[in-house]
Structures are given as structure tokens and as C-alpha cells.
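Accompanying notes for the structure given below.
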Amino acid sequence: MNDHIRRNMPLFPISIVKKLTELSARQIRYYEEYGLVFPSRTEGNQRLFSFNDVDRLLEIKSLLERGVNLQGIREIFLLREHNTSKTAGPPMRRDGDLTDLELRRHLKNELVYTGKYGRTSLIQGQLSRFFD
DNA sequence: TTTCTAACA
DNA sequence: TGTTAGGA
């Protein structure tokens, strides 16, 4: 049994995830509805989160605190999936280490993009200061 | 008792 | 996001 299956094994109910992440059940369910996490379900339709799900939720929480909104987080996750799946080799980066360098480039582009087309910015408040 | 969905004084 | 109703 490798790490992958281990990290994705459905283990804890929302009550445990609440404690682990310090997020409200409302938030956890909302983030799922938004497509940021996809916990499996029990026969009784109750959510069962994997270690990976908890990890993602912690990252979501962290990014939200840094001023990134849900749409931004969604894109960050999409970007990671696009270049994490190709890395089947040894240097598989975990956690939020993708972030620093690539996240900065991405966020900066978002600022430029939103500035050009006047759409709702993906970045809120002070975060934009990191890119002057 | 815990969790689920849906909806909003 | 919080909170609550009503059911499983």
C-alpha cells in the first residue's frame, strides 16, 4: 500500500475535520460545493474525508488568510494538477511549496489580467502589495 | 447524537 | 458565513 492510496483513504467525518482545520462545517461543505475538495460518502450519505482532503482544506484556509479568494484558490489548485500529474518521478512537491515562486507569478498575472479587463480581482486587499 | 440539504428575521 | 428547520 503506497502513500497515494494511504493519503486518499476516506477516514474522518466532518466533526474530526472541523477540529483538525478549525473551519466551520458550513465552510467545509461550502468548499466542497465549490469544488475545492471532494470527500467520499458513506452509505448514509455522510462525508468521509481523506488525509489529502484535510490537507487541502488547511491550504485553503491558509490561502484565504493570505487574501486569496475561492476563485483564486480554485485556479491555483487547477494549475497544480496540471503540473503535478506529469511529475510522476521523485521530485514530487507537496504542500504549499509550489506556491511561493509559481504562485507569485500566477497571482501577478491575475493582477495584470484583471487590471486589463476590469474584472473582479482574484486578489483581495493587501496581497497586491507583494507584487509592486 | 451526528450529519445532511436547503434556505434566510 | 451563521443559523435553523426537518429528515435520515
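No hydrogens, no waters, no symmetry mates; every other heavy atom, side chains included, goes into these values. The sequence lines fix the lettering, A, B, ..., with proteins before strands; numbering per chain opens at 1.
Residues A:Leu11 and A:Leu48 share a closest heavy-atom pair of O-CD2, 4.0 Å. Counting all heavy atoms, side chain and backbone alike, A:Asp53 lies closest to A:Phe38 at OD1-N, 3.9 Å. Contact record, A:Arg74 with A:Tyr34: NH2-O, 3.0 Å, taken as the closest heavy-atom pair. When all heavy atoms of A:Ile73 and A:Ile60 are compared, the pair lying nearest together is CD1-O, 3.7 Å.
In this structure, CG of A:Asn45 is placed 13 Å from P of B:dT3, rounded to the nearest angstrom. Atom-to-atom, CG of A:Leu48 to P of B:dT3 comes out at 11 Å; the value is rounded to the nearest Å. The CZ atom of A:Arg41 sits 13 Å away from the P atom of B:dT3 (whole-angstrom rounding). Atoms CZ (A:Phe12) and C1' (B:dT3) sit 17 Å apart, rounded to a whole Å. Atom CD of A:Glu32 and atom P of B:dT5 are 7 Å apart (whole Å). Distance, A:Leu23 CG to B:dT3 C1': 17 Å, rounded to whole Å. Taking atom OH of residue A:Tyr31 and atom C1' of nucleotide C:dT1, one finds them 9 Å apart after rounding to whole Å. Remark: P of B:dT3 and CZ of A:Phe49 are 10 Å apart, rounded to the nearest angstrom.
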side-chain contact (heavy atoms from CB on, under 4.5 Å) evaluation trace for A:Gln27 with A:Glu32: CA-CA 9 Å; A:Gln27 289 176 299; A:Glu32 176 195 14; over 6 Å; no
Derivation of the side-chain contact (heavy atoms from CB on, under 4.5 Å) call for A:Lys18 and A:Ile28: CA-CA 8 Å; A:Lys18 279 176 55 181; A:Ile28 297 170; 3.8 Å; yes
side-chain contact (heavy atoms from CB on, under 4.5 Å) between A:Arg41 and A:Gln46, worked out: CA-CA 5 Å; A:Arg41 300 286 183 135; A:Gln46 311 225 139; over 6 Å; no
Dot-bracket notation for DNA chain C, counting Watson-Crick and G-U pairs under 3.5 Å, with | for partners on another strand: .|||||.|
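In this structure, A:Arg6 fails the cation-pi test against A:Phe51, since its NZ or CZ atom is not both closer than 6.0 Å to the six-membered ring centre and inside 45 degrees of the ring normal.
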Sequence-aligned protein contact record of nucleotides 3-8 of chain C, with B where the base is within under 4.0 Å of a protein heavy atom and S where only the sugar-phosphate is: B-----
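Of the candidates C:dG2, C:dT1, B:dT5, the closest approach to any side-chain atom of A:Ser24 belongs to C:dG2. With B:dT5, B:dT2, C:dG2 as the candidates, the nucleotide lying closest to the side chain of A:Gln27 is C:dG2.
In terms of the side chain to side chain contact (heavy atoms under 4.5 Å, CB included) criterion, residue partners of A:Ser15 (sequence neighbours excluded) are, by chain and number, A:Pro13.
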